[in-house]
2 protein chains.
Amino acid sequence: MGITERKEREKEQRREEIIAAAQKVFFEKGLQLATMDEIAEAAELSKGTLYLYYKSKEDLYLSVIMRGAEIMYEFFEKATATNEPVLKLISNLGDSYFEFFQKNRQYFRMLYFRDNPQLHKQVSQEVLQVCLEQDRRIWKLVIDLIQRAIDEGYLQKNIKPVQAAVILWSSSTALMQQIDRNDNYWQEQMGVNLEETLRLSNSLLLEAMMTDKGKLEYRSMVI
Amino acid sequence: MGITERKEREKEQRREEIIAAAQKVFFEKGLQLATMDEIAEAAELSKGTLYLYYKSKEDLYLSVIMRGAEIMYEFFEKATATNEPVLKLISNLGDSYFEFFQKNRQYFRMLYFRDNPQLHKQVSQEVLQVCLEQDRRIWKLVIDLIQRAIDEGYLQKNIKPVQAAVILWSSSTALMQQIDRNDNYWQEQMGVNLEETLRLSNSLLLEAMMTDKGKLEYRSMVI
DNA sequence: CTCGTAATATGACCGCAAGTCAATTAATTA
DNA sequence: TAATTAATTGACTTGCGGTCATATTACGAG
């Protein structure tokens, strides 16, 4: 009976080895240019073996993405686990998203593959399910925080927390994508610093959602 | 000499026929699942012929996208060509972007392929150039309008027009992408109407950028 | 009208990569 | 040690983007 457990462990370990190899190759080449043969070689396994552990290249890709999402979640948890006022926590959350982006660009890039279902031809139902679950966890963290800010009277009651979350999330993500792709272009051709623009966008939105009480506290906080 | 002209016309026409066929197939299947053989069949030509007119599948895809971008530009032009006050024009611009999205979802979806350079493996330099030119035209329209609103004292002077444009554009786009993919999910699981959220986001941002004069005018406008 | 030439169009073919599976090897059990 | 089960392999199949030698058509000179 100890044997089946060990086998289980070894199997899990192999899955991890494969993911690690896949990550290396995907980071270097991206989904399209990475080949399963390459990943197999990096994992020191044959291609056939990969398919014993993952149903498709896209499943493998999504599995790597999930590692990234987990790291992102940890950033968020850490950023919101202090005893600071809730508006500060929301602001921290925005900062930590950007920090995650800067320190994990490869993951960030992969993450928005997930949002493009046009690209999911071969994703298995199981992996998708786990993905959605993880997504929910992240949204819950954000939404709960905003709910708290509303309850405490810092954000306007007539804005639904989910709405606020979607708005803040969408604009942050979109701007970071822009930074990822075209930062130089905007800086050099348009004379605009996108990182500054991101901060501006976040504070404009957040302030626009605040109550007077919130604005008061926020401004004292910023100084 | 009339003959070479006719030939020129016929060649241009063939290019158009091919684009039309490609569009049909891409609309139905998306970039990945569409095959060149399929497009060739739809165009009633052989695959080889396609490659006499377009260098790659991705070039063909981008060429279809450019049709979409042209249509979008026309929406924008029409929305901003009236004599209404400039804040109303900016608001109209947002509405027309959403209208474009609703009436041309297929194009909208394709447009965001362009922003993912990870996917551009085979795009030729020429097509890319035309693309960038078109992009600039659209940005110019938006930025000029915002510049006008600043000049006329409706938007704050300390916000750069390019910044404002990027912020408004990014958040609108991101929310429409969300609508395109997951509207039902947000509506049914989260009880949130994303179309309303988009409008909210736009007005929050716009108002947050306004001067007092702007807010006064805007509020009288909304009623 | 007709023949040579140039412009167009064709589809068999190539190379590559995802995914499969019969055969092989390794580990476990009797 | 032999039999059974599990894990692994890599040759093979399939499908598609892209190419190119060949065929077809359109044109113009004689």
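Naming convention: chains lettered A, B, ... in sequence-line order (proteins, then strands); numbering from 1 in each chain.
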Task: No-hydrogen, no-angle side-chain donor-acceptor test under 3.5 Å, B:Glu196 and A:Gln163 - done: yes

- [ ] Name the nucleic acid region contacted by B:Tyr53, choosing base, sugar-phosphate or nothing; use a 4.0 angstrom heavy-atom cut-off, strictly under.
- [x] sugar-phosphate

- [ ] Decide side-chain hydrogen bond (donor to acceptor under 3.5 Å, both in side chains) for A:Thr173 and A:Ser170; before the verdict, give the C-alpha distance in whole Å, the side-chain angles of both, and the deciding distance to 0.1 Å.
- [x] CA-CA 5 Å; A:Thr173 304; A:Ser170 300; over 6 Å; no

Task: Phosphate-side-chain proximity, B:Tyr51 and D:dG18, N/O vs OP1/OP2 below 4.0 Å - done: yes

- [ ] Would you mind telling me which residue lines up with the more 5' stretch of DNA chain C, A:Gly48 or A:Ala34, judged by nearest nucleotide?
- [x] A:Ala34

- [ ] Mind checking B:Lys47 for me? I need base, sugar-phosphate or nothing, with any heavy atom below 4.0 Å counting as a touch.
- [x] base

TODO: Using whole Å, report how far CD of A:Glu12 lies from P of D:dA7.
DONE: 13 Å

Task: Cation-aromatic face contact B:Arg15/B:Tyr54, 6.0 Å, 45 degrees - done: yes

- [ ] Just call it for B:Ala43: base, sugar-phosphate, or nothing, with non-hydrogen atoms closer than 4.0 Å on any strand.
- [x] nothing

Open item on the list: As a test of reading the structure: which of C:dG11, C:dA18, C:dA27 is closest to the side chain of B:Ser46, going by heavy atoms?
Closed with: C:dG11

- [ ] Round to the nearest Å and state the distance from B:Leu45 atom CG to D:dT24 atom P.
- [x] 17 Å

Open item on the list: From the set C:dA9, C:dG19, D:dG17, return the single nucleotide nearest to any side-chain atom of B:Met36.
Closed with: D:dG17

Open item on the list: With no hydrogens and no angle check, just 3.5 Å: does a side-chain donor-acceptor pair link B:Gln122 and B:Asp59?
Closed with: no

Open item on the list: Let's see if you can work this out: which of D:dT9, C:dA9, D:dG18 has an atom nearest to the side-chain heavy atoms of B:Thr49?
Closed with: C:dA9

Open item on the list: Is it true that B:Gln23 and B:Tyr107 share a donor-acceptor pair across their side chains at a distance under 3.5 Å?
Closed with: yes

- [ ] Please report, rounded to the nearest Å, how far the P atom of D:dG17 is from the CD atom of B:Gln122.
- [x] 11 Å

TODO: Check every strand shown and say whether A:Lys7 touches a base, only sugar-phosphate, or nothing at a heavy-atom separation below 4.0 Å.
DONE: sugar-phosphate

Task: Atom-pair distance (NZ on B:Lys55; P on D:dG17), nearest Å - done: 19 Å

Open item on the list: Any donor-acceptor pair, under 3.5 Å, between the side chain of B:Lys57 and the base of D:dG18, if you only look at N and O atoms?
Closed with: no

Task: Euclidean distance, atom CG of residue B:Asp59 to atom P of D:dT19 [Å, nearest integer] - done: 12 Å

Task: Atom pair distance, as rounded to whole Å: CG in B:Asp37 and C1' in D:dT19 - done: 13 Å

Open item on the list: Taking any heavy-atom pair under 4.0 Å as a contact, classify B:Leu52: base, sugar-phosphate, or nothing.
Closed with: base

TODO: Go through D:dC16, C:dA18, C:dA9 for me and flag the one nearest to the B:Thr35 side chain.
DONE: D:dC16

Open item on the list: Distance to the ring centre below 6.0 angstrom and angle to the axis at most 45 degrees; does that hold for B:Arg14 and B:Tyr53?
Closed with: no

TODO: Write down the distance between CD1 (B:Ile39) and C1' (C:dG11), rounded to a whole number of angstrom.
DONE: 17 Å

Open item on the list: I want to verify a distance call: between D:dT8, C:dA9, D:dG18, whose nearest atom is closest to the B:Arg14 side chain?
Closed with: C:dA9

- [ ] Could you tell me the separation between the CG atom of B:Leu31 and the C1' atom of D:dC16, rounded to a whole number of Å?
- [x] 13 Å

